[in-house]
Amino acid sequence: MRIDNSTFFASYNHLYHFHKATLLYHYYQHPDKYFAEVLNPIYTPLERESFFFTNDDVYFKKAIALDMRSTYFHCVETLFNLIGVFKAEAEIHERHGKWLNAFSALTEYAPKQLYNEIVEYGKDQASLAWLAESAGRDQWSLGRHIFFFALSPPAEKIEDYLRQCDASVMAIQLALHLFAKDFDDRKEYDSYKHGLRVLDAMKTFYLLDPQTRKMMVLDAGSSLTFPKKSKGAVEVKTQNVDFVRDYRMCVLGARLIQMMINQRRIFYNKAKMDFEQVPIVMLSEESVRWHSEAHVSNKVELIKLEDFEKKFGFKVNLKENSKEDTLPDNNQ
């Protein structure tokens, strides 16, 4: 069965990531509502106790934070897949005057090519300079073609519109670079997808300076730990998790997906649609940087060794080559 572009774009769920991320954000901020309004009315107390600790929202919030990060990565993966297809769309239309079948192109886009492109974009923002290159259609750039497609305002407003498009494409170039940097290490995403290979967060790390007898305490509560295989060995990596940033970046990625899909939805279905005006989003570098701001920092404290030993009940032996040194488990 061949699905044409009219059907594909009319039915594409372009708000999937936006709605999912917003629901996750809501219940992360209000776990009491999840238990009281969603979970408890469905299951009896005995049923709830059979598979989790009743009223314990700690694991729930960890699950939400993990799902938010996984949703964000899935949004980025989808975004770059669409961009690759619509870049090819412009090139094919320029050469042959035909629009490629988007559904077929998405299913045939090679994963290796996709991930190689993401790695390249994450290393250097300049690798996305092709967005400003001509797509051949009325001198529109590839970036304009991908994100603003075939719709444009009346002739008297076209120059201002194109200036705003170009400024938005520059902001989008920055956003794509930041997305690619976040997604660069696919092993983290794979750990979420395949068997949920994620360990409970390391809460605290302790580093001792034997000269000053000061203990550095590093808060790692906002983190996820996962295994990654490298050169035949399995390493463990602890990744800082910023829930608010993941949400904002996911929404930004969903917005870019919405821009690409909606423009094409209107183009292929305008004969069936009743509208007078179409709202078109313009982005700025300031807006992109706002979405990418960090909201979590790992707090670092310095405490005296004596205070550390008193607080945790561990005796630390500073003699060289001692076999009796005892330090707390990192997962304190």
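- Contact record, Ala171 with Val288: O-CG2, 3.5 Å, taken as the closest heavy-atom pair.
- Both Met260 and Ile3 belong to a common hydrophobic cluster when Ile, Leu, Val, Met, Phe, Trp and Tyr are linked at side-chain heavy-atom distances under 4.5 angstrom.
- Under the 30°/60° scheme for interplanar angles, the aromatic rings of Phe148 and Tyr161 are found to stand perpendicular.
- If you take CG on Asp242 and CE on Met68, they are separated by 11.0 Å, rounding to the nearest 0.5 Å.
- Ring planes of Trp99 and Phe267: perpendicular class, angle over 60° (limits at 30 and 60°).
- Scanning both residues, Ala90 and Leu142, for their nearest heavy atoms gives CB-CD2, 3.7 Å.
- Between Met170 and Leu131 there is no side-chain heavy-atom pair separated by less than 4.5 Å.
- No path of Ile, Leu, Val, Met, Phe, Trp and Tyr side chains, each step under 4.5 Å between heavy atoms, connects Leu128 with Val119, placing them in separate hydrophobic clusters.
- The shortest heavy-atom contact between Gly253 and Cys75 is C-SG, 3.6 Å.
- No side-chain donor-acceptor contact under 3.5 Å links Tyr268 and Asp4.
- Atom OG of Ser292 is separated from atom CE of Met249 by 5.5 Å, given to the nearest 0.5 angstrom.
- At least one side-chain heavy atom of Tyr115 sits less than 4.5 Å from a side-chain heavy atom of Glu77.
- In this structure, the side chains of Ile257 and Tyr12 come closer than 4.5 Å at one or more pairs of heavy atoms.
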Practice item. Evaluate the criterion side chain to side chain contact (heavy atoms under 4.5 Å, CB included) for residue pair Phe8 and Asn101; output intermediate values, then yes/no. Key: CA-CA 9 Å; Phe8 175 74; Asn101 182 280; over 6 Å; no

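- Atom OH in Tyr72 sits 9.5 Å away from atom CG in Leu79 (nearest 0.5 Å).
- Thr22 places no side-chain N or O within donor-acceptor distance of the main-chain N or O of His19, the cut-off being under 3.5 Å.
- Considering every non-hydrogen atom in both Ala175 and Leu252, the closest pair reads CB-CD2, 4.1 Å.
- At a threshold of 4.5 Å between side-chain heavy atoms, the hydrophobic network of Ile, Leu, Val, Met, Phe, Trp and Tyr places Leu174 and Ile83 in one connected group.
- Side-chain atoms of Asp246 do not come within 3.5 Å of backbone N or O of Ala65 as any donor-acceptor pair.
- Tyr25 and Tyr247 have parallel rings, their planes meeting at less than 30° on a 0 to 90° scale where 60° marks the start of perpendicular.
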**Study point:** Worked check of side chain to side chain contact (heavy atoms under 4.5 Å, CB included) between Ser284 and Ser287
**Key:** CA-CA 5 Å; Ser284 66; Ser287 173; 3.4 Å; yes

Check your understanding: Do Asp67 and Lys62 pass the salt bridge (charged side-chain N to carboxylate O under 4.0 Å, His left out) test, and can you show the C-alpha distance, the side-chain angles, and the key distance before you say yes or no?
Key -> CA-CA 9 Å; Asp67 202 11; Lys62 286 181 179 179; over 6 Å; no

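- With sequence neighbours excluded, no residue forms a ring pair (Phe, Tyr, Trp, His ring centres under 6.0 Å) with Phe179.
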Check your understanding: So Asp160 and Arg163, salt bridge (charged side-chain N to carboxylate O under 4.0 Å, His left out) or not? Walk me through it.
Key -> CA-CA 5 Å; Asp160 182 55; Arg163 278 196 297 270; 3.7 Å; yes

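- Partners of Arg264 by side-chain hydrogen bond (donor to acceptor under 3.5 Å, both in side chains), not counting sequence neighbours, listed by chain and number: Glu89.
- Scanning both residues, Ser11 and Thr7, for their nearest heavy atoms gives OG-O, 2.8 Å.
- In this structure, CD1 in Ile280 is found 8.5 Å from CE in Met259, a value given to the nearest 0.5 Å.
- For Lys61 and Tyr28, the positive end sits near the middle of the six-membered ring, less than 6.0 Å away and at most 45° from its axis.
- Under a 3.5 Å cut-off, the side chain of Glu47 and the backbone N or O of Thr44 do form a donor-acceptor pair.
- Between His26 and His30, the ring planes lie tilted relative to each other; the angle falls in the 30° to 60° range.
- Within the 4.5 Å cutoff, side-chain heavy atoms of His295 are placed close to those of Arg248.
- A continuous path of Ile, Leu, Val, Met, Phe, Trp and Tyr side chains, each step under 4.5 Å between heavy atoms, connects Phe60 with Leu24, placing both in one hydrophobic cluster.
- Remark: Asp182 engages Arg245 in a salt bridge, criterion side-chain N to carboxylate O under 4.0 Å.
- Distance CD/Gln173 to CG/Leu283: 13.0 Å, rounded to 0.5 Å.
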Review point. Please walk me through it: do Tyr121 and Leu176 pass side chain to side chain contact (heavy atoms under 4.5 Å, CB included)?
Key: CA-CA 7 Å; Tyr121 299 152; Leu176 297 180; 5.9 Å; no

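- The shortest side-chain heavy-atom distance between Asn269 and Lys272 falls under the 4.5 Å cut-off.
- Summarising the local packing, NZ of Lys20 is surrounded by more than 12 heavy atoms from other residues, nucleotides or ligands at distances under 6.0 Å.
- Aromatic ring centres of Phe183 and Phe80: separated by at least 6.0 Å.
- Note on Trp130: it clusters hydrophobically with Leu256, by side-chain heavy-atom contacts below 4.5 Å among ILVMFWY residues.
- Classified by interplanar angle (parallel below 30°, tilted 30° to 60°, perpendicular above 60°), the ring pair His17/His74 is tilted.
- Using a 4.5 Å cut-off on side-chain heavy atoms (C-beta onward), Phe149 and Asn262 make no contact.
- Counting only residues at least two apart or on different chains, the salt bridge (charged side-chain N to carboxylate O under 4.0 Å, His left out) pairs with a member in residues 279-291 are Glu285-Arg289.
- The heavy-atom pair separating Gly122 from His177 by the smallest distance is O-CE1, 3.1 Å.
- Judged purely by atom type and a 3.5 angstrom limit, Ser127 uses its side chain to pair as donor or acceptor with the backbone of Asp124.
- Side-chain contact check for Ile92 versus Arg95: some heavy-atom pair is nearer than 4.5 Å.
- With values rounded to the nearest 0.5 angstrom, Met282 atom CE is found 4.5 Å from Gln164 atom CD.
- Under the 4.5 Å side-chain criterion, counting only non-hydrogen atoms from C-beta, Tyr16 is not in contact with Thr78.
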